[in-house]
Structure formats: C-alpha cells, structure tokens
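Right, one structure below, let's go through it.
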Amino acid sequence: MNTEEDGIVQGRIEKLRELKEMNIDAFPYRWEKKDGVKELRERFGHLKEEEESGYSTCTAGRLIGKRRQGKAGFGNIADGSEKIQIYCRQDVLGDSYEIFKKADIGDFIGITGNVFKTKTGELTILVKGFSVLAKSLKPLPEKWHGLKDIELIYRKRYLDLISNGDSFDIFLKRTKIIKSIRKYLDSKGFIEVETPILQTLPGGADARPFVTHHNALDMELYLRIAPELYLKRLIIGGFERVYELNRNFRNEGMDKNHNPEFTMLETYAAYWDYNDVMDFTEGMIKTVVDEVFGGTVDIVRDGRQIPLSFPFKRISMLDELSKVSGLDIASMNEDELISKVKELGKEAPRSKGKAIEKLFEHYVEPSLNKPVFITDFPIESSPLTKKHRSREGVVERFELYFAGMEIANAYSELNDPLEQKERFEMQEALRTKGDDEAQRMDEDFLEALHYGMPPTGGLGIGVDRLVMILTNAKTIRDVILFPTMRKEAE
RNA sequence: GGGCUGUUAGCUCAAUGGUAGAGCAACUGACUCUUAAUCAGUAGGUUGAAGGUUCGAGCCCUUCACAGCCCA
C-alpha cells in the first residue's frame, strides 16, 4: 500500500497543518515526564469514588481511546502495558481544548492535571494542560480485538506491542528473566565475557552454520553455532567461572522450537563435574522463579499442567529408554539400533548414538512432563564430553527437559587432549560418511587443550525456550521480538 | 521437502457462481462523569499477484508470492 495515498493519512497530515497554523509543534523535542502511569495507579488506586487526591501530576503516553461529549471528553493513555483515563473539560482547558479535539488515537501526548476518581470509581486525571508530543499519521489496529493477523504480529512487532498487552508483558518478563539469571551468575562468581560471533571454524555443536565472506581478508567466515570452544579457551587461560549470553545461528529448519538465530546462555566452571552443574542449574531456575514470578509459576503445555517442584528428577537415558521401550538397548549393536529406528518410519540415523537419541525421542520424550534431568548420553554424539566414570559407552552429559522440550545441555567437559583428538577424528569419519552436522577437527582448540584445562563443568541453556516455558508461549516466535521471516512480497 | 488451510476496507470479520457487506477506526453534526460511550449522517475496495473456465468469478481450475498447522 502506498502510505501517501491513504485517506486517513491525508486527513492527519491536514491536522498537522492546522496545528502548525495554531503555532503548535506536533513533534516537540522533549517532555518532562514526572510520573509513570504504573506509579500513579500504585499511589492513588486506593482513592474512593469521587475522591480527589489534590496531587498534580505530569505524565505522558499514547492516546489509545477518546470519547468526546461536546464541551468535555474522556480519553485513555497507555504507558507500557498500563493505562489511565484522562478527563478534558473546555472550562478547565480553555483554548487548549481545541488541541484535545484535534488529537487522534495513536498520538503521543503529554498532560498535566489532578488525579481523582470518577463517580464510577475509575482513576482519572483531570487535565489542566494538554500537549501533542508526537503526531501519529497511521491508524492503530482495532481497539477491541487487537492485532490478530499472525503474520503482521511478527513482521510489525511494534503494532503487536501497542495493541496486545499480553505480548508486551511476555517481553517484559523476558528481560526480567535474563536480568535475574545475570544476578544469579554474579552471585556465584561468574564473569561475563564476549567471544567471536564470526568464527573461522564453527564448533561446539552439531549443526550447519551460516557462511559469510570477509572481503579484506578474502576468506570464509562462519556465524557461530555455539561459543563453547572459545569459552573453554578462557578456562584454560585461568578464568575459573565464565559465561556468555550469546546469540547463536544455525542454518536449519524452523518450527515451534527453532529460530535460525536464538539466545543461549553458556557457563563454564573450573573444578565442577556435571553433578555440580545439575545443582547449579536447579538453583538458577529456582532463583528466576522466585525473583520474577514470586516463587510459583503455572506452566501449561498442550493443555496439561506441568508441576514445578525442586529438586528435579534425574534419570539415565539408557535405563529409561530400556524401561519404556522394553528393548535391551545396552546389548544392541549399531545395525540393530538403526533398523529399529527405520521400523518406526523415520529417516535412518548415521550412527549408533544418533539412533539411541532417535529412539529416546520416540519412546520417552512424549512422556516427559515434569522437569527432569536426562543423564548419560551415547558417546558418539557427544564428542566434547568426558566418558562416564563408571559406565561403558556413555558420557557424563545431561539435558534438562520441561514438558518434553529440551531446555539445557551440559557436560563434564572433556579435558584430555589426546582423547579429544580421537573424538574429533570419530566426528570427521561421520562427516566423511555424509553427516554434515558432525563436528569439525579444531586444531587450534586441541593445541589449547594441550596446555592443560582443569576439570570443568559446562552448561548451555536455551534462553528462548526457558522463557517459553515460564510464560506459556506456544511458539518460540512469541518470545523473540523479531523472529526470522521470509522477505515480504513486493 | 510433502500434505492441508488461509490471504476480502487501516484493523476484526461476513458474503449458494449473479449489484462486495458489517463492527471498530476515519470524516460531518449533537452531547460537560464517559469507559467497546451514545445518537444522526458521510466516505472508504484492482477481494495477495498473474493467467484460465464461464453469459457472469471473492467463490471453480492452473501457476506464483506470503503465512499458519500437521508430517518428514
């Protein structure tokens, strides 16, 4: 649509001209906003009907409703997800009443006036001064139904935030969750670091990377799929506890749980093993629930209530898979496991480890309701993880599941350089067999390991997914402000 | 990648193959405690795009674009 040809836009441009004739700047430079609407509500919510506070406020917000009645009128202004009523009277405002009459829904306005309650008990500001702070030229989405068009919600998030309070609150919660996580990490002595997003060799996860090109150096660079190998270099360098709240990029499919760019928290602590990391992860989530949600949060997934009780259950992947499927997984060889997956009508996995994970996804994941730590993954699909101290064929790794969704992934980090070399070689072999998600030999990281890395517990948490769980969002797009979209048609 | 569904006014939605409508928003007027204000009136459309079938297409067919859901 051509903005300039729209009738409503033309009408509002005409109003701009009229304001200019009245010597009014519809786009002034600043406004001294004394009170927020939230504070006004907290402070004067207790007033009785028709009671006046005697308090003179100065506030601002977007005009979202207007009900004129001749020589007086009501309106509502929105300040974040809070709103408050304003009452404008010609006998109070005098000439400024004309400005109120010309105001459109969507305009930013600044007002001064006295706080009181109407006879129907609505907290209201009797307006003494009315100023336009920014004229809105396009009409907002419909006031009652809000913005429903899912495509518009994602493409024009600002309209979603203006008209859908629930959405606004989810993103507010998201920042509070992240703030609470940082506070917890600080309290445990972690320091926040930044490592390269542009990497010469993508590592630390099984995923296809985005490839880009550096002109001056004339070389390929990859957007990171994980910061893991750099954070471990910092543990080698002597930082004992580090974390990075990082944006990762994976060139893969998109669905309810996947966006090509997503936010991950990775933490590494020297001298810890994965048992320590489980305690630490529980502590983090408990802190977030306490600080952001007042200690309890109702989690509902697919219509089911998910109880949140600490500590979380810890179950072994192979034990649980054998139990639920009735198969004796430990005694099955690679071919048997792979053909079992094929029997289920799924694509043939490329390794024993992947086969076990597929079977786990099929048999166990749907029944995982409560938060649970799944421990001890197959060695083939965990090349950066220490072998289990007492069990054959598995590594010291866990994933945290909420309602069947993977939230976190953590290891006792492999720190034996010679074994790490062998594991990379195993991955290279898988890559040669056509697994383009297999990890790559990283000689520079191997060299770093040769200098010695202390025993280390590492953790990755999918921040978007954690926010989804805690806010009952149905798709990852509801917790990412600007999710990846195909380019709009001309 | 496959299947299904959707795309109509700024927004939310209607419309047996037969003159594209409503509510909100907008515009004009009335109204000094309204709150989805009310009342009277006005205006607003290349029905996602391009073809096709038909006397006649928002509706049927084909292709394309974008989106959603399910499956892989």
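Everything numeric here is computed off the predicted structure, so don't read it as measured data.
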Point to revise | Parallel, tilted or perpendicular, as decided by the 30° and 60° cut-offs, for the rings of F398(A) and F373(A) | key: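 Ring orientation, 0 to 90° scale: perpendicular.
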
Review point. Charged N to carboxylate O under 4.0 angstrom, K20(A) versus E18(A)?
Key: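 Result for this pair is no, no salt bridge flagged.
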
Might you list the N or O atoms of the protein lying below 3.5 Å from N or O atoms in nucleotides 44-46 of chain B, with each pair's distance?
none

Describe the nucleic acid contact of [X] in one word from base, sugar-phosphate, nothing, applying a heavy-atom distance below 4.0 Å.
{"X": "K119(A)", "result": "base"}
{"X": "K66(A)", "result": "nothing"}
{"X": "R486(A)", "result": "sugar-phosphate"}

Taking the minimum atom-to-atom distance to the side chain of [X], which one of [options] wins?
{"X": "Q69(A)", "options": "C33(B), U12(B), C27(B)", "result": "C33(B)"}
{"X": "L147(A)", "options": "C66(B), C24(B), U12(B)", "result": "U12(B)"}
{"X": "R68(A)", "options": "C31(B), C24(B), G10(B)", "result": "C31(B)"}

Check your understanding: Hey, does the side-chain of E151(A) have a donor or acceptor N/O within less than 3.5 Å of a partner on the base of U7(B)?
Key ->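 No pair found.
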
**Study point:** N/O donor-acceptor pair, side chain T124(A) with base U34(B), under 3.5 angstrom
**Key:**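 Answer is no: no donor-acceptor pair is held.
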
Check your understanding: Taking all atoms of both residues into account, what is the closest heavy-atom pair of N472(A) and I299(A), and its distance?
Key ->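 Result for this residue pair: OD1-CA, 3.4 Å.
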
Review point. Given the C1' atoms of G21(B) and U32(B), what is the spacing between them in whole Å?
Key: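 Rounded to whole Å, the distance is 37 Å.
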
Between the protein and nucleotides 1-3 of chain B, list the N/O to N/O atom pairs that are separated by less than 3.5 angstrom.
none

Review point. If only side-chain N and O atoms of R67(A) are considered, is one of them under 4.0 Å from the OP1 or OP2 phosphate oxygen of U34(B)?
Key: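 Checking R67(A) against U34(B): no side-chain N or O falls below 4.0 Å of OP1 or OP2.
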
